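To start, the structure itself, in structure tokens.
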Number of protein chains: 2
Amino acid sequence: MVQKNKNPPPLAKPAAPVAPKRRGRPRAYQPEIALGNALDLFRKRGFAATSLDELSAATGMNRPSLYGAFGDKRELYIKAYQRYRADARAAMLGIFSDELPIRKRLERIFAVALDIYLSGDAGPRGCFTVMTAASEAVADPDIRAMVLEGFSELDKAFAACFRLAKEKGELPASADPVVLAQLASATIHTIAIRARARVPRKELEAIIKGAIDVMCGARSSA
Amino acid sequence: MVQKNKNPPPLAKPAAPVAPKRRGRPRAYQPEIALGNALDLFRKRGFAATSLDELSAATGMNRPSLYGAFGDKRELYIKAYQRYRADARAAMLGIFSDELPIRKRLERIFAVALDIYLSGDAGPRGCFTVMTAASEAVADPDIRAMVLEGFSELDKAFAACFRLAKEKGELPASADPVVLAQLASATIHTIAIRARARVPRKELEAIIKGAIDVMCGARSSA
DNA sequence: GGAATTTTTTGCGAAATGGTACAAAAGAAC
DNA sequence: GTTCTTTTGTACCATTTCGCAAAAAATTCC
């Protein structure tokens with residue numbers, strides 16, 4: 001046992017995805033879950049009205065831990081917003097890539113959006129991007145960049161849908177995918193805002209149906 | 001001079017519109033102007049992020065005077081919002097009642113809205129209703145009622161425009177004024193949000209033009 | 001078992017916040 | 001001129017806010 005040699009793993013994969021075996025005291029929280037709870041709070045209250053004490057209570061982490069894990073309040077807000085966007089993107093991805101008739105596709109997209117905006121035990125939470133744009137994006141360049149990217153992302157995804165539908169002959173040749181996409185985004189925005197003011201789901205669904213009729217032509221009133 | 005009788009004004013108009021000659025120390029501020037300044041601040045920062053100190057500085061009134069004149073912070077916010085709505089209504093009234101072709105009418109309505117949303121020396125201020133809806137309406141019933149009334153007011157005004165245009169034969173018989181009105185409101189909302197995120201005026205104008213084309217039919221591409 | 005390392009916990013502190021009490025000021029009524 | 005009324009200005013209070021320092025705890029490496 002003299003030359004025990006520490007058995008050096010000759011070519012072990014350097015990035016083991018599980019159990020990195022950190023060195024110090026183990027964390028008492030799960031970063032993913034804590035960030036999700038912080039996101040919930042920010043969505044409910046907005047940036048300025050959310051205090052670190054509330055965030056601490058919601059995440060189960062005390063303030064110094066919050067700082068260590070996510071930085072100050074603004075950084076935490078930005079990370080929460082990134083998480084929100086990633087979640088929303090994930091929820092939409094399948095629908096945008098599925099090869100459905102345009103009408104069905106739009107219906108599903110708007111339905112998912114409605115679910116996101118109307119969720120929340122203490123009242124509908126609306127759309128983080130819209131709230132953020134309304135309050136923080138004017139003054140904060142970093143947040144503004146993310147918000148603008150969010151608009152662009154949504155516009156482009158809708159435009160791709162309409163372009164494909166046009167190629168498949170579902171839309172008349174006169175249809176302009178970019179203009180239709182902006183109308184679809186506008187519909188997203190109007191239901192996000194109205195949801196936040198507790199407009200009932202039925203009315204929002206009626207707005208969606210009307211918008212789809214206009215965008216796709218009102219032939220099949222399903 | 002014994003029976004001087006205090007000369008009772010026999011039938012003097014009880015509501016003299018000028019110079020009521022108040023009794024105590026005269027006010028050092030003009031309520032209208034002070035409320036306007038408070039409105040500007042609230043539009044810039046939102047409710048929670050606006051402090052009474054800032055409001056005091058912006059209005060030129062010290063805090064006790066603010067409190068005496070408008071009540072606490074929330075009441076001041078509500079009064080500022082009422083003022084905003086009154087101003088916006090006044091700016092729109094003429095256009096909504098003018099008998100213009102529908103296309104021209106929409107162009108002017110959206111142009112006025114753009115001016116409101118893009119104004120502000122420290123960045124575009126957006127639409128107070130949208131900001132208010134996004135942040136306060138969920139939790140505050142009074143504010144929510146005002147916001148809902150704002151939505152309804154706009155929807156109805158647009159619907160009246162489209163209904164009239166349809167009667168005048170400017171729109172096809174298949175056009176649904178209510179649906180078109182919701183799309184017009186959605187366009188208002190999307191440009192309000194995007195303006196707040198500093199989307200350039202040109203892009204907003206393009207969105208408006210596209211929306212009008214869809215709503216009125218793209219024949220005359222003026 | 002002891003040293004090193006990372007996290008948690010407790011508690012502090014300086015600043016800002018919303019709101020108010022109270023005396024001084026400025027004008028009207030008499 | 002005196003009194004009454006209303007507003008202003010100064011100062012204050014209790015609470016909340018964000019942020020951090022320093023000690024205690026939990027784990028790995030040796």
Side-chain angles (χ1 to χ4, degrees), chain A residues 1-9 16 18-35 37-38 41-42 45-80 136 140, chain B residues 1-9 16 18-35 37-38 41-42 45-80 136 140:
Chain A
M1 66 174 65
V2 173
Q3 69 276 58
K4 202 179 171 185
N5 205 355
K6 274 177 183 171
N7 70 325
V18 287
K21 268 314 180 205
R22 305 176 56 99
R23 189 98 135 64
R25 173 171 177 169
R27 286 179 170 155
Y29 60 90
Q30 294 175 269
E32 299 290 319
I33 296 178
L35 187 57
N37 293 344
L41 238 189
F42 275 132
R45 291 252 217 294
F47 176 76
T50 305
S51 73
L52 284 185
D53 276 336
E54 292 173 302
L55 287 166
S56 179
T59 57
M61 305 162 63
N62 38 32
R63 253 175 331 211
S65 294
L66 263 182
Y67 267 76
F70 303 110
D72 69 4
K73 189 180 171 185
R74 178 174 165 277
E75 287 180 85
L76 174 55
Y77 184 77
I78 289 178
K79 289 194 170 78
E136 313 303 323
D140 189 313
Chain B
M1 66 174 65
V2 173
Q3 71 271 60
K4 200 179 171 186
N5 206 355
K6 272 176 183 171
N7 70 325
V18 286
K21 267 312 179 203
R22 307 175 54 98
R23 189 95 136 67
R25 175 172 174 169
R27 288 180 168 153
Y29 59 91
Q30 293 175 269
E32 299 290 318
I33 295 178
L35 186 58
N37 294 343
L41 238 189
F42 275 132
R45 290 254 216 293
F47 176 76
T50 304
S51 73
L52 284 186
D53 275 335
E54 292 172 302
L55 287 166
S56 179
T59 57
M61 306 162 64
N62 39 31
R63 247 163 325 159
S65 293
L66 260 184
Y67 204 87
F70 303 111
D72 68 6
K73 188 179 170 185
R74 176 174 166 277
E75 287 180 85
L76 174 55
Y77 183 78
I78 289 178
K79 290 194 170 78
E136 312 303 323
D140 190 313

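Quick caveat: nothing in here was measured; it's all calculated off a predicted structure. In what follows, every chain begins at residue 1, and chains take the letters A, B, ... in the order their sequences are listed.
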Query raised in the report: Choosing from dT9(C), dT8(D), dG19(D), which nucleotide comes nearest the side chain of Ser65(B)?
Result: dT8(D)

Query raised in the report: To the nearest 0.5 Å, how far apart are CG in Leu76(A) and CD1 in Ile78(A)?
Result: 10.0 Å

Query raised in the report: Whole Å only: how far is the CE atom of Met61(A) from the P atom of dT10(C)?
Result: 15 Å

Query raised in the report: To the nearest 0.5 Å, what is the distance between CG (Asn62(A)) and CG (Leu52(A))?
Result: 12.0 Å

Query - Interatomic spacing from CG in Leu35(A) to CE in Met61(A) - rounded to 0.5 Å - result: 9.5 Å

Report task. Starting at atom CZ of Phe70(A), determine the distance to atom C1' of dC18(D), rounded to an integer number of angstrom. Result -> 18 Å

Query raised in the report: Counting just side-chain N and O atoms, does Asn62(A) come under 4.0 Å of either OP1 or OP2 of dT8(C)?
Result: no

Query raised in the report: Of all the choices, dA25(D), dC20(D), dT8(D), which nucleotide is nearest to the side chain of Arg25(A) once you look at every atom?
Result: dA25(D)

Requested in this report: Rounded off to whole Å, could you give me the CZ-to-C1' distance for the Arg45(B) and dT17(C) pair?
Outcome: 15 Å

Requested in this report: Starting from P on dG19(D), measure out to CG on Leu76(A) and report it in whole angstrom.
Outcome: 11 Å

Report task. May I ask you to list the residues of residues 47-54 of chain B, by number, that have any heavy atom positioned under 4.0 Å from an atom of DNA chain C? Result -> Thr50(B), Ser51(B), Leu52(B), Asp53(B)

Query raised in the report: Side-chain N or O of Tyr67(B) less than 4.0 angstrom from OP1 or OP2 on dG19(C)?
Result: no

Query - Closest-nucleotide ordering on DNA chain D, the 5'-leading residue of Arg63(B) and Arg27(B) - result: Arg27(B)

Query - CG on Asn37(A) to CG on Leu55(A), rounded to 0.5 Å - result: 10.0 Å

Query raised in the report: Which whole-number value in Å describes the distance from Glu75(A) CD to dC18(D) C1'?
Result: 14 Å

Requested in this report: Write down the distance between OH (Tyr29(A)) and C1' (dA26(D)), rounded to a whole number of angstrom.
Outcome: 15 Å

Query raised in the report: How are the rings of Phe47(A) and Phe42(A) set to each other: parallel, tilted or perpendicular (split at 30° and 60°)?
Result: parallel

Query raised in the report: What's the CG-P distance between Leu55(B) and dG19(C), to the nearest Å?
Result: 11 Å

Query raised in the report: In terms of heavy-atom contacts, does CD of Glu75(A) have more than 12 from other residues, nucleotides or ligands at under 6.0 Å?
Result: yes

Query - Contact nearer the 5' end of DNA chain C, comparing Arg23(A) with Pro26(B) - result: Arg23(A)

Query - Pro31(B) versus Phe70(B), closest heavy-atom pair with distance - result: O-CZ, 3.9 Å

